[in-house]
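All heavy atoms count here, side chains included; hydrogens, waters and symmetry mates do not.
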Amino acid sequence: MRHIISILLQNEAGALARVANMFAARGYNIDSLSVAPTHDATVSRLTLVTRGSDAVINQIVQQTRKLIDVVEIEDLAASDHLECELVMLKVEARNGTARAVVDCARRHRATILDESESTRMIQLAGSSHEIDAFVAEISRVAKVLELVRSGVAALSRGHQVMSLPA
């Protein structure tokens, strides 16, 4: 099962490496990883996506919680949450495919960032499922030349918040 793990960790050199090394040392794969400072410059939020049974994920959470840099950790799959990811891609737009590229982008609420004589650069923000559907469709319409994804960013819905240090 897919799990989104949200971790608040001290914004210090090596903190991200210690979390990633803990996953690697135990043979856990990270499908995506996103990290940036929070509104408190001393704390970063690391969001990662991994797969495993509830028992395995619970073990990952407990082991990660023991790392010195970790302030708080939560498996968002256990709560109602919203997630978003960004994709930017460059496609070939030659020989009449330019119109089909624009139509596909519009259907998916994507934005065309750049146009050249033979390429289009497109951006889309949405759930991983929406991104996957867009990439699959645009790949049928035009040749994808380059693609980059940001990784998942996610927050719990409602009043529930992860605690920052006092």
Side-chain angles (χ1 to χ4, degrees), residues 1-91 105 108-114 121-136 138-139 144-166:
M1 182 175 168
R2 178 177 179 264
H3 290 264
I4 300 172
I5 310 294
S6 185
I7 305 171
L8 293 178
L9 70 159
Q10 295 170 1
N11 193 3
E12 296 179 3
L16 170 60
R18 282 185 280 283
V19 172
N21 285 340
M22 192 280 302
F23 274 75
R26 287 160 179 81
Y28 303 130
N29 189 44
I30 297 173
D31 291 340
S32 85
L33 182 126
S34 171
V35 62
T38 65
H39 58 286
D40 178 342
T42 66
V43 177
S44 290
R45 180 181 295 265
L46 184 152
T47 306
L48 62 87
V49 177
T50 191
R51 296 185 186 278
S53 68
D54 290 343
V56 167
I57 299 303
N58 187 49
Q59 182 181 17
I60 290 171
V61 168
Q62 296 309 316
Q63 290 172 346
T64 304
R65 184 171 273 123
K66 294 176 187 175
L67 295 175
I68 192 156
D69 302 309
V70 172
V71 175
E72 185 59 70
I73 182 169
E74 179 182 10
D75 177 6
L76 294 177
S79 65
D80 192 16
H81 68 277
L82 293 175
E83 63 183 86
C84 188
E85 183 176 356
L86 174 73
V87 65
M88 293 174 62
L89 51 84
K90 186 184 298 182
V91 297
H108 289 271
R109 299 174 288 108
T111 303
I112 297 181
L113 300 175
D114 185 57
M121 188 182 306
I122 306 166
Q123 168 184 290
L124 176 65
S127 70
S128 296
H129 177 73
E130 291 168 328
I131 300 291
D132 292 342
F134 172 66
V135 171
I138 199 77
S139 297
V144 175
L145 302 172
E146 287 186 284
L147 182 144
V148 63
R149 292 174 79 150
S150 66
V152 173
L155 290 172
S156 293
R157 285 181 177 259
H159 294 287
Q160 180 181 346
V161 296
M162 291 179 70
S163 302
L164 290 176

Would Thr42 and Asp40 count as having a side-chain donor-acceptor pair, cut-off 3.5 Å? yes
Quick one, [X] and [Y] - any side-chain contact, counting heavy atoms below 4.5 Å?
X      : Y      : answer
Ile57  : Thr50  : yes
Leu82  : Leu155 : no
Val87  : Gln123 : no
Ser6   : Met162 : yes
Asp132 : Arg149 : yes
Thr111 : Ile122 : no

Could you report the tightest heavy-atom contact between [X] and [Y], atom names first, then the distance?
X      : Y      : value
Ser32  : Val152 : OG-N, 3.5 Å
Ala105 : Phe134 : CA-CE1, 4.1 Å
Thr64  : Val70  : O-CG2, 3.3 Å
Ala125 : Cys84  : CB-SG, 4.0 Å

Side-chain ([X]) to main-chain ([Y]) donor-acceptor, under 3.5 angstrom:
X      : Y     : answer
Arg65  : Ile73 : yes
Ser150 : Glu85 : no
Gln63  : Ile60 : no

With sequence neighbours left out, what residues match [X] under side-chain hydrogen bond (donor to acceptor under 3.5 Å, both in side chains)?
X      : value
Ser79  : Ser156
Thr47  : none
Glu146 : Lys90

Can you give me every donor-acceptor pair (side chain of residues 8-21, partner residue at least two apart or in another chain, under 3.5 Å) with its distance?
residue, atom, partner, partner atom, Å
Asn11, OD1, Ser44, OG, 3.3
Asn11, ND2, Ala41, O, 3.1
Arg18, NE, Asp69, OD2, 2.5
Arg18, NH2, Ala13, O, 3.4
Arg18, NH2, Asp69, OD2, 2.8
Asn21, ND2, Ala17, O, 3.2

For His3, check ring pair (Phe, Tyr, Trp, His ring centres under 6.0 Å) against everything at least two apart and list the hits. none
At what distance, to the nearest 0.5 angstrom, does [atom1] of [X] lie from [atom2] of [Y]?
X      : Y      : atom1 : atom2 : value
Ile68  : Lys66  : CD1   : NZ    : 14.5 Å
Ile5   : Tyr28  : CD1   : OH    : 11.0 Å
Met121 : Ile112 : CE    : CD1   : 11.5 Å
Leu89  : Leu147 : CG    : CG    : 5.0 Å
Leu86  : Leu124 : CG    : CG    : 8.0 Å
Ser34  : Glu83  : OG    : CD    : 12.0 Å

List the steps and the verdict of side-chain contact (heavy atoms from CB on, under 4.5 Å) for Arg109 and Glu130. CA-CA 10 Å; Arg109 299 174 288 108; Glu130 291 168 328; 3.4 Å; yes
Run the side-chain contact (heavy atoms from CB on, under 4.5 Å) test on Leu46 and Leu33 for me, step by step, so that the C-alpha distance in whole Å, both residues' side-chain angles and the decisive distance to 0.1 Å come before the verdict. CA-CA 7 Å; Leu46 184 152; Leu33 182 126; 4.1 Å; yes
Residue Arg2 excluded, over 12 heavy atoms near CZ under 6.0 Å: yes
Mind jotting down which residue pairs meet the salt bridge (Lys or Arg N to Asp or Glu O under 4.0 Å) criterion with at least one end in residues 42-56? Sequence neighbours excluded, please. Asp31-Arg51
